[in-house]
Undergrad: 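Sharing a structure below in structure tokens format, with a few things to ask.
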Amino acid sequence: MKRIFILTVLMAVLGLTSCEKEPSKAIIGTWEAVKVEANVLGVNMNYNMSDLNTRMELTFKKDGTGTILTASEKKSETTAFEYSVTGDKLSLIEEGSTSGISVSFDKKTMTMELNGERFGLGNSDVKVHFVKK
């Protein structure tokens with residue numbers, strides 16, 4: 001009887017853990033950017049968002065829609081988007097343009113890896129680290 005109880009508890013824990021790691025479910029909620037790492041034209045840069053006096057939040061809803069909030073001392077802007085997650089790829093559809101973004105999760109953190117082409121930076125890489133609010 002004790003073995004069955006232990007096995008049941010282990011299965012429940014493993015089931016809860018695996019659900020949290022599935023990107024299509026783990027992404028739901030509001031995420032605040034906390035750090036940006038970039039390699040732009042061979043120059044490595046690391047910034048905390050607080051050092052940049054900038055706030056960025058992504059909100060993902062269950063229905064495949066969301067918003068991006070960007071705010072600085074002078075202005076704040078919210079943009080709507082649609083999204084889908086397949087494996088570790090996030091397809092973000094914003095103003096008719098689709099971006100394929102690599103995304104990974106670790107408990108309450110998310111990392112997005114973006115190609116610099118999206119920002120007009122040529123052969124550059126950008127990683128944005130988020131925490132779930």
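The figures here come from the full heavy-atom set of this structure, side chains too, leaving out hydrogens, waters and symmetry mates.
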Undergrad: Rounded to the nearest 0.5 Å, what's the gap from CH2 on Trp31 to NZ on Lys132? Could you check?
TA: 5.0 Å
Undergrad: Can you find a pair of side-chain heavy atoms, one from Phe130 and one from Val34, that are under 4.5 Å apart?
TA: no
Undergrad: Just how far is it from atom CD of Glu82 to atom CG of Asp63, taken to the nearest 0.5 Å?
TA: 9.0 Å
Undergrad: Let me check something: do Leu52 and Leu114 share a hydrophobic cluster, defined by ILVMFWY side-chain heavy atoms less than 4.5 Å apart, either directly or through other members?
TA: yes
Undergrad: Any luck finding a side-chain donor-acceptor pair between Lys89 and Ser102 under 3.5 Å?
TA: yes
Undergrad: Starting at CD of Glu77, measure out to CE of Met56 and round the result to the nearest 0.5 Å.
TA: 12.5 Å
Undergrad: Show your reasoning for whether side-chain hydrogen bond (donor to acceptor under 3.5 Å, both in side chains) applies to Thr30 and Thr59.
TA: CA-CA 4 Å; Thr30 299; Thr59 300; 3.1 Å; yes
Undergrad: Running the 4.5 Å side-chain criterion over Ile, Leu, Val, Met, Phe, Trp and Tyr, what cluster does Leu69 land in, apart from itself?
TA: none
Undergrad: Among residues at least two apart in sequence or on other chains, which ones pass side chain to side chain contact (heavy atoms under 4.5 Å, CB included) with Ser104?
TA: Thr111
Undergrad: With Glu57, which residues qualify under salt bridge (Lys or Arg N to Asp or Glu O under 4.0 Å), at least two apart?
TA: Arg55, Lys133
Undergrad: Can you tell if the side chain of Val126 reaches within under 4.5 Å of the side chain of Glu37, non-hydrogen atoms only?
TA: no
Undergrad: Using every non-hydrogen atom in the two residues, find where Met110 and Ile27 come nearest and quote the distance to one decimal.
TA: SD-CG1, 4.1 Å
Undergrad: Do Met49 and Val36 make a side-chain contact, defined as non-hydrogen atoms from C-beta onward lying under 4.5 Å apart?
TA: yes
Undergrad: If I take atom CG from residue Leu92 and atom CD1 from residue Ile68, how far apart are they, to the nearest 0.5 angstrom?
TA: 5.5 Å
Undergrad: So Thr70 and Lys75, do their side chains get closer than 4.5 Å, heavy atoms only?
TA: no
Undergrad: Looking at residues at least two apart in the chain, or sitting in another chain, which of them share a salt bridge (Lys or Arg N to Asp or Glu O under 4.0 Å) with Lys62?
TA: none
Undergrad: Do we see a donor-acceptor contact under 3.5 Å between the side chains of Thr54 and Ser72?
TA: no
Undergrad: As an exercise, state the distance from CG of Asp125 to CG of Asn39, rounded to the nearest 0.5 Å.
TA: 6.5 Å
Undergrad: When you group the ILVMFWY residues by side-chain heavy-atom contacts below 4.5 Å and let the links chain together, are Val128 and Phe105 in the same group?
TA: yes
Undergrad: Rounded to the nearest 0.5 Å, how far apart are CE of Met112 and NE2 of His129?
TA: 12.0 Å
Undergrad: Under 3.5 Å, is there a donor on one side chain and an acceptor on the other for Asn48 and Ser50?
TA: no
Undergrad: Applying ring pair (Phe, Tyr, Trp, His ring centres under 6.0 Å), which residue pairs with at least one partner in residues 35-54 are found, sequence neighbours left out?
TA: none
Undergrad: Just to verify, what does Phe81 make a ring pair (Phe, Tyr, Trp, His ring centres under 6.0 Å) with, not counting sequence neighbours?
TA: Phe60
Undergrad: Is any side-chain heavy atom of Tyr83 closer than 4.5 Å to one of Leu90?
TA: yes
